[in-house]
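Notes to accompany the following structure.
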Amino acid sequence: MKKRIFSLLLVLCLVLTALTGCGQKKDDQPETVPATVPATVPATEAQGGSDAAGGESQPAGDVAQEMVFVLNNEPDTIDPTITNNSFATPFLINCFEGLVTYNEDGEVVPGNAESWDINDDLTVFTFHLREGLKWSDGTPLTAKDYVYAALRVLTPETGAQYVNMISDYVVNGQEYYEGTASAEDVGIKAVDDNTLEFTLKAPCPFFIDLVSMWVYFPVQEATIEANGDKWTTSADSYIGNGPFKVTQITPGESYVLEKNENYWDAANVQLEKLTYRYILDVSTALTAFENGEVDGVRTIPSSDMARLKAENAGVVVAPSYGTVYYDINCSKEPYNDPLVRKALNLAIDREALINNVAQVEGEPAYSFYAPGYVVDGKDLTEGRPTFDLSATADVEAAKKALADAGYPDGEGFPTIQLSFYADDNVKKIAEAIKEMWEQNLGVTVEVSSAEWAVFYDAVQNGNYEVAAMGWSADYVNPMSFLPLLYTDDVTNNSFYSNPDYDAIVDQAKVETDPSKFGELVKQADELVSADYPVLSLYYKSNTYLIKDYIEGVYMTSSSNIYFKNAKVLAK
């Protein structure tokens with residue numbers, strides 16, 4: 001027997017237990033982000049307009065509904081079927097929309113799908129699309145577009161960085177990728193124009209959260225067939241289905257987005273024009289904000305945070321389900337030795353990084369897995385061990401670990417190549433880490449930087465030793481973190497491998513009992529974190545700047561910023 005979306009709550013409430021809004025945040029702790037399930041209210045009510053209560057939008061009067069928002073890093077691509085880069089999300093989530101989306105409370109709500117059914121064993125998910133969906137060029141959008149997009153992800157030539165988010169779950173997804181199954185064999189079917197069916201390899205209690213990811217978004221076959229990989233480089237060919245459409249591209253400088261009149265909920269979108277302006281230097285971006293040249297800035301200079309907060313100058317603090325860390329290349333000597341990795345972790349003064357360098361509201365991190373997922377009213381990280389790490393550097397223990405690895409007082413240890421992407425705040429952290437390692441371990445460190453696309457390509461290909469990274473969960477579930485250290489996973493940029501860890505993750509992936517799931521997550525976390533495959537630094541909240549005459553902009557715990565409810569008030 002199949003269950004409608006309303007009955008679905010009875011099933012998934014057991015797995016995702018915390019359904020309340022985000023709690024009050026303490027100054028020295030990241031805000032706890034509850035796991036969520038689909039809302040039971042109709043989509044138009046759940047999303048609403050700019051009215052937080054979900055009622056009808058208020059007229060904006062004669063105020064021009066236009067704003068300029070500064071981005072500080074350029075993405076590798078803005079193709080949702082290819083990238084796993086968070087710098088692309090301002091485009092992906094505002095120019096596209098998937099089957100489900102997120103509201104201002106961080107809850108999963110209906111998007112292109114107005115409802116869905118799930119079979120009893122959580123292996124068949126059937127989505128019912130809204131009537132009359134259209135692409136931004138006015139042509140019809142159907143279930144077949146979702147099938148096309150998924151098969152494009154599963155085509156090796158596409159180079160999809162999140163291919164495993166489909167191939168690991170959908171029947172014959174991996175086989176299609178390997179060329180041993182046909183498109184007809186893949187468990188993604190357009191039953192009719194408005195009905196899309198996914199058949200999974202195993203029960204997946206978090207699949208509704210999974211399809212919120214942009215790798216499951218539709219892309220238009222006609223524009224890709226006509227333009228190939230260049231379809232994202234021209235405003236005319238960048239066809240989406242979200243609340244905004246791209247109307248002008250000036251490479252390296254700006255993108256102009258305008259309201260998409262063909263969006264299914266266009267009546268509740270008040271912002272007519274949104275300009276993304278690239279200013280890579282965060283201090284220059286802040287100056288533009290304070291001079292009134294721009295209305296918002298994604299990245300705030302750490303040295304100005306306290307002042308801006310004191311002046312009530314537009315700082316927005318949003319909860320984050322993520323971790324700031326550095327990848328350690330576990331496939332390279334001497335970093336393939338856990339003792340070396342432990343020494344590098346022990347030599348870090350995390351409190352100094354948080355308070356003096358990054359100057360953020362953060363909590364020292366001793367694991368890659370962040371707080372923020374609640375089962376039975378308890379965060380899974382509560383009571384977690386520190387893996388011999390501490391908030392301040394333990395110099396003696398760090399030296400001992402390095403000596404036990406064969407490098408007493410750093411003697412004979414090769415020069416550490418520490419790399420980071422071009423960003424003022426990240427640069428400060430890298431330089432501080434260099435100083436800590438040289439002073440506390442007696443090693444030599446060389447730092448280098450590159451623009452994001454170049455830097456990330458090197459990391460993905462293993463051409464690095466220790467590299468600045470971090471992770472904001474793509475959906476509010478530990479399974480967004482666990483693959484990061486799973487053997488040969490596309491997101492495993494540390495090139496770490498542990499069969500015992502892999503086995504636990506495999507169990508957790510299909511576990512439907514919330515308590516058992518939580519225990520498996522804790523087992524996996526404790527097993528891998530004691531191996532120090534990454535240099536964990538801190539958990540922090542997200543921050544950005546926005547003028548007080550703009551309301552309705554919101555950011556989820558995955559660091560995705562939404563403008564569909566934005567409204568410009570009188571300045």
Side-chain angles (χ1 to χ4, degrees), residues 323-354 356-357 362-370 381 383-420 429-447 462 464-470 484-485 487 492-501 522-539:
T323 308
V324 175
Y325 60 83
Y326 273 54
D327 275 326
I328 301 174
N329 192 336
C330 299
S331 67
K332 284 190 174 183
E333 292 186 355
Y335 309 103
N336 57 348
D337 186 343
L339 283 171
V340 168
R341 303 194 297 262
K342 182 177 183 178
L344 296 178
N345 270 275
L346 284 165
I348 296 298
D349 186 334
R350 291 166 176 80
E351 278 191 355
L353 286 179
I354 294 168
N356 304 330
V357 182
E363 176 185 334
Y366 311 126
S367 165
F368 78 114
Y369 174 57
T381 63
R384 177 172 58 181
T386 64
F387 312 106
D388 296 329
L389 304 179
S390 57
T392 58
D394 189 338
V395 179
E396 292 306 312
K399 286 183 175 181
K400 182 180 184 305
L402 197 61
D404 289 345
Y407 306 98
D409 295 319
E411 183 179 341
F413 198 87
T415 298
I416 300 175
Q417 301 299 321
L418 183 65
S419 55
F420 63 96
I429 294 173
E431 290 175 341
I433 291 174
K434 165 185 164 68
E435 183 177 342
M436 291 174 188
W437 281 345
E438 290 185 338
Q439 179 176 331
N440 297 338
L441 293 174
V443 298
T444 302
V445 182
E446 289 184 357
V447 296
Y464 79 97
E465 293 182 359
V466 184
M469 197 50 62
L484 295 173
L485 294 170
T487 301
N492 183 353
N493 293 323
S494 288
F495 303 97
Y496 173 81
S497 180
N498 184 328
D500 293 335
Y501 174 78
K522 288 190 283 187
Q523 288 177 34
D525 177 24
E526 293 181 13
L527 175 66
V528 76
S529 296
D531 235 359
Y532 311 100
V534 301
L535 182 74
S536 300
L537 300 180
Y538 57 90
Y539 311 117

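These numbers come from the heavy atoms of this one structure, side chains and all, not from hydrogens, waters or symmetry mates. Just so we're clear, the structure is a prediction, and the values are computed from it rather than from any experiment.
Partners of Asp500 by side chain to side chain contact (heavy atoms under 4.5 Å, CB included), not counting sequence neighbours, listed by chain and number: Asn498, Leu527. Contacts of Thr386 classified as side chain to side chain contact (heavy atoms under 4.5 Å, CB included), with partners at least two apart in sequence or in another chain: Tyr366. For Lys522, the salt bridge (charged side-chain N to carboxylate O under 4.0 Å, His left out) criterion is met by Glu519, not counting sequence neighbours. Partners of Asp388 under the salt bridge (charged side-chain N to carboxylate O under 4.0 Å, His left out) rule, at least two apart in sequence or in another chain, are Lys342. Scored by the side chain to side chain contact (heavy atoms under 4.5 Å, CB included) test, Pro385 finds Phe387, Glu526 as partners (sequence neighbours excluded). Shown here are the salt bridge (charged side-chain N to carboxylate O under 4.0 Å, His left out) partners of Glu438, two or more places apart in sequence or in another chain: Lys434. Remark: Asp404 pairs with Lys400 by the salt bridge (charged side-chain N to carboxylate O under 4.0 Å, His left out) rule, at least two apart or across chains. Shown here are the side chain to side chain donor-acceptor pair (under 3.5 Å) partners of Asp531, two or more places apart in sequence or in another chain: Tyr496. Scored by the side chain to side chain donor-acceptor pair (under 3.5 Å) test, Ser419 finds no partners at all (sequence neighbours excluded).
With contacts defined as side-chain heavy-atom distances shorter than 4.5 Å, the pair Ile354/Pro364 qualifies. Looking at heavy atoms from C-beta onward, Leu535 lies in side-chain contact with Ile433 at the 4.5 angstrom threshold.
Here the CG atom belonging to Leu402 is positioned 11.5 Å from the CH2 atom belonging to Trp437, to the nearest 0.5 angstrom. Residue Asp349 holds its CG atom at 11.0 Å from CG of Leu537, rounded to the nearest 0.5 Å. One finds the CG atom of Leu485 at 8.0 Å from the OG atom of Ser529 (value rounded to the nearest 0.5 Å). Rounding to the nearest 0.5 angstrom, the gap separating the OG1 atom in Thr381 from the CD atom in Glu363 is 7.5 Å. Distance CG/Asp394 to OG1/Thr392: 7.5 Å, rounded to 0.5 Å.
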Can you list the steps and then say if Leu389 with Arg350 is a side-chain contact (heavy atoms from CB on, under 4.5 Å)? CA-CA 10 Å; Leu389 304 179; Arg350 291 166 176 80; 3.8 Å; yes
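Minimum heavy-atom separation, Ala432 to Val357: CB-CG2, 3.9 Å. Here the closest heavy-atom approach between residue Ala398 and residue Ala343 is recorded as O-CB, 3.5 Å. Taking both residues in full, the closest heavy atoms of Ala370 and Tyr539 are given as CA-CE2, 3.6 Å, listed atom of the first, atom of the second, then distance.
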Show me the donor-acceptor pairs, under 3.5 Å and distance only, between side chains in residues 323-340 and residues at least two apart or in other chains.
{"unit_1": "Thr323", "atom_1": "OG1", "unit_2": "Phe368", "atom_2": "O", "d": "2.8"}
{"unit_1": "Asp327", "atom_1": "OD1", "unit_2": "Ser494", "atom_2": "OG", "d": "2.9"}
{"unit_1": "Asn329", "atom_1": "OD1", "unit_2": "Ser331", "atom_2": "N", "d": "3.1"}
{"unit_1": "Asn329", "atom_1": "OD1", "unit_2": "Ser331", "atom_2": "OG", "d": "2.5"}
{"unit_1": "Asn329", "atom_1": "ND2", "unit_2": "Gly462", "atom_2": "O", "d": "3.0"}
{"unit_1": "Asn329", "atom_1": "ND2", "unit_2": "Tyr464", "atom_2": "O", "d": "3.0"}
{"unit_1": "Lys332", "atom_1": "NZ", "unit_2": "Tyr464", "atom_2": "O", "d": "3.4"}
{"unit_1": "Tyr335", "atom_1": "OH", "unit_2": "Glu465", "atom_2": "OE1", "d": "3.0"}
{"unit_1": "Asp337", "atom_1": "OD1", "unit_2": "Leu339", "atom_2": "N", "d": "2.9"}

For residues 439-447, which side-chain donor-acceptor pairs fall under 3.5 Å, sequence neighbours excluded?
{"unit_1": "Asn440", "atom_1": "ND2", "unit_2": "Ala347", "atom_2": "O", "d": "2.9"}
{"unit_1": "Asn440", "atom_1": "ND2", "unit_2": "Met436", "atom_2": "O", "d": "3.3"}
{"unit_1": "Glu446", "atom_1": "OE1", "unit_2": "Gln417", "atom_2": "NE2", "d": "3.3"}

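Within the structure, every pair that satisfies the ring-ring contact (aromatic ring centres under 6.0 Å, His included) test and touches residues 399-420, not counting sequence neighbours, is listed here: Tyr407-Phe413.
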